[in-house]
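Down below is the structure, laid out as structure tokens.
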Amino acid sequence: MFKDNRYLDYNGAGFRKDLIAGITVGIVAIPLGMAFAIASGVKPEYGLYTTIIAGLIVALLGGSRFQIAGPTGAFIPILLAIVLQYGYEDLLIAGFLAGIFLVIMSFLGVSNLIHFVPRSVTIGFTTGIAVIIFTGQLGNFFGITGLEKKEFFHENMIDLVNQFHTVNVFSIVTALIGLIVLFILPKIAPRVPLLLIALLIPTLISIFLFPSKVETIGTAFGGIPNSLPNFHFPQITLEKLVNLWQPALIIAALGAIESLLSAVVADGMKSGEKHDSKRELFGQGIANMITPLFGGIPATGAIARTATNIRSGAVSPISGVVQSVFVLAFLLLLAPYASYIPLAAMAPILMYVAWNMSARKSFTHILMIRSGDSLVLLTTFLLTIFIDLTIAVQVGILLAALSFLRKMSGKLDIKEATLSDVEIIKFSDSDTSSLAKYTVDGPIFFGTAKVFEDKYPAIFLTGARKIILDLEHLSVIDATGEAALYALLDDADRAGIQIIIKRLPKEKLPLFKKSGLYNRIGEANFFM
């Protein structure tokens, strides 16, 4: 079905490089997998299951040589909303449906349409997601107790303020140590696994200096089992399909965007590399269909882990396989020790991820332009934070489309032009006052048809009995544009005016013939 060229000229030296790269990425993936799962409202082991299963499947079936898949920060708000509204079991169903949507997208060639999502929309919801992730960790950072995760941002912030009197000094110290490590370690030891060290140091300090003073994974979730869950197919009903298809579609769309963006980043980091976008969506789809059957949450291509994979010397998808095996080994052998990790130690890691994904510079740049894109950006950003990602994306794309149509409506220009000698001789019958010429520059489609219809009544008042429309620069015409031309011809007939078409672009001629416009105008009234 898909031709796989990702293992060309693979040898033992390549395997050794993949082995090192896979272990390196696995070290990074372990704390992120647990942290993203906790932030999404589920148990930390579900993030590890996702890292293992989705990472393996995407490595084997995906379309990028270096893609590393797993749970990502972008999914946190929508997964948390599903868990709060429907529960964990329905999250698995939504993930399974998202996988089906991704497979369908791969066969329909939707990967090409992803590029048409406006940048103002993607930057808006990405920055909004970053704000949600960052603020969502304030409770763990300060060790605040009595918090209940709620569906809406403002409710969580109010609850945070009301419970702020329960702050835990030991949690703050633990979180600050992790934050300091995140800022200082890259400057003094840039090649060490930053996130793992930033998790280990505050964990060890809390264990030896103030044991049992901060909430840990063990006290909050009962520890992490050192085994994979049994196969379980979620119970899918018609009611659940009706409730979950829309969030599942958003998961699929968001996963497609992030996966393809990650694959593009990987291509840019390796000269001459080119991913297969259809195969990538197929691999992501299969991964998201299988992962929920073992308790995993939705997954996508992870830009940071993919970049780490490349920088660590990976040469093939085998590095992704090694990553999954490494995380599986951790789960089977060391998972019980993860129970000692303080939630306050994971908070700065998620804050760090949120800060890096926030697209601050791009957000500020678009906002400062003060254009239609700025409105789309700000609306998408605020809706992501205060309502939900589903509504934000829908409204953002709608506003972007309306902004585009508004811009395009100004691109249609109809103006009077000077008659050529040939035109005068051919059509004027020695009376130039009976002949007029107008150029049509731009598109005639549903966004500009009203502009076109508003223009031509003035043309009829010139007194000319023959009107030449020079369509050389007609860029686009759709069904609405055809209807506008038909209306022009009908009005011209009633006024006794002959319409002549000059220099119609060759690629538009078949459309004119299929729509009947060519016969309606008459072959004799077309000329170059």
Side-chain angles (χ1 to χ4, degrees), residues 33-34 36-58 60-61 69-72 74-108 148-152 220-256 259 281-300 324 327-328 331 335 388-391 393-394:
M34 293 188 294
F36 289 145
I38 292 172
S40 299
V42 299
K43 294 181 179 181
E45 58 263 32
Y46 299 150
L48 295 178
Y49 301 157
T50 306
T51 301
I52 295 166
I53 299 169
L56 176 64
I57 294 172
V58 170
L60 295 176
L61 301 181
T72 65
F75 281 150
I76 289 175
I78 191 166
L79 301 190
L80 179 59
I82 293 173
V83 170
L84 292 176
Q85 187 172 356
Y86 301 106
Y88 169 66
E89 181 76 9
D90 283 3
L91 173 63
L92 300 182
I93 295 175
F96 182 79
L97 293 177
I100 295 176
F101 285 138
L102 282 165
V103 171
I104 293 173
M105 288 179 182
S106 72
F107 287 107
L108 294 180
E148 294 183 6
K149 288 185 177 179
K150 296 179 172 61
E151 184 176 356
F152 294 107
F221 300 99
I224 298 177
N226 57 343
S227 63
L228 282 172
N230 295 324
F231 176 90
H232 168 67
F233 197 91
Q235 186 177 359
I236 301 176
T237 64
L238 180 60
E239 181 183 0
K240 290 184 177 182
L241 289 176
V242 172
N243 290 334
L244 296 171
W245 76 266
Q246 193 170 16
L249 186 58
I250 291 295
I251 291 173
L254 188 59
S259 293
L281 291 187
F282 176 79
Q284 296 287 343
I286 297 298
N288 278 285
M289 289 174 65
I290 295 177
T291 300
L293 306 182
F294 294 92
I297 60 179
T300 184
S324 293
V327 178
L328 176 61
L331 179 70
D388 65 47
L389 184 61
T390 304
I391 299 297
V393 172
Q394 292 174 344

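Side chains are part of it too, since the values below use all heavy atoms of this structure and drop only hydrogens, waters and symmetry mates. Bear in mind that the values here come from a model prediction, so they are computed numbers and not experimental data.
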Do [X] and [Y] have side chains that approach each other closer than 4.5 Å (heavy atoms only, starting at C-beta)?
X: Thr50; Y: Phe36; value: no
X: Pro298; Y: Leu79; value: yes
X: Leu91; Y: Tyr86; value: no
X: Ser324; Y: Ile57; value: no
X: Leu97; Y: Ile251; value: no
X: Leu293; Y: Pro234; value: yes
X: Leu228; Y: Tyr49; value: yes
X: Ile236; Y: Phe96; value: yes

request  = Kindly determine whether Asn243 and Asp90 satisfy side-chain contact (heavy atoms from CB on, under 4.5 Å), including the steps that lead there.
outcome  = CA-CA 9 Å; Asn243 290 334; Asp90 283 3; over 6 Å; no

Shortest non-hydrogen separation from [X] to [Y] and the atoms involved:
X: Ala248; Y: Ala94; result: CB-O, 3.4 Å
X: Gly47; Y: Pro71; result: O-CG, 3.8 Å
X: Met105; Y: Ala252; result: CE-CB, 4.0 Å
X: Ala287; Y: Val58; result: CB-CG2, 3.7 Å
X: Gln284; Y: Ala299; result: OE1-O, 3.9 Å
X: Ile82; Y: Pro247; result: CD1-CB, 3.9 Å

Nearest 0.5 Å, what's the [atom1]-[atom2] distance between [X] and [Y]?
X: Glu45; Y: Ile38; atom1: CD; atom2: CD1; result: 9.0 Å
X: Ile297; Y: Tyr46; atom1: CD1; atom2: OH; result: 10.5 Å
X: Lys149; Y: Leu84; atom1: NZ; atom2: CG; result: 8.0 Å
X: Ile286; Y: Ile100; atom1: CD1; atom2: CD1; result: 9.5 Å
X: Leu102; Y: Leu249; atom1: CG; atom2: CG; result: 9.5 Å
X: Asn288; Y: Phe101; atom1: CG; atom2: CZ; result: 12.5 Å

query = So, the side chain of Tyr88 versus the backbone of Gly41: is there a donor-acceptor pair under 3.5 Å, distance only?
reply = no

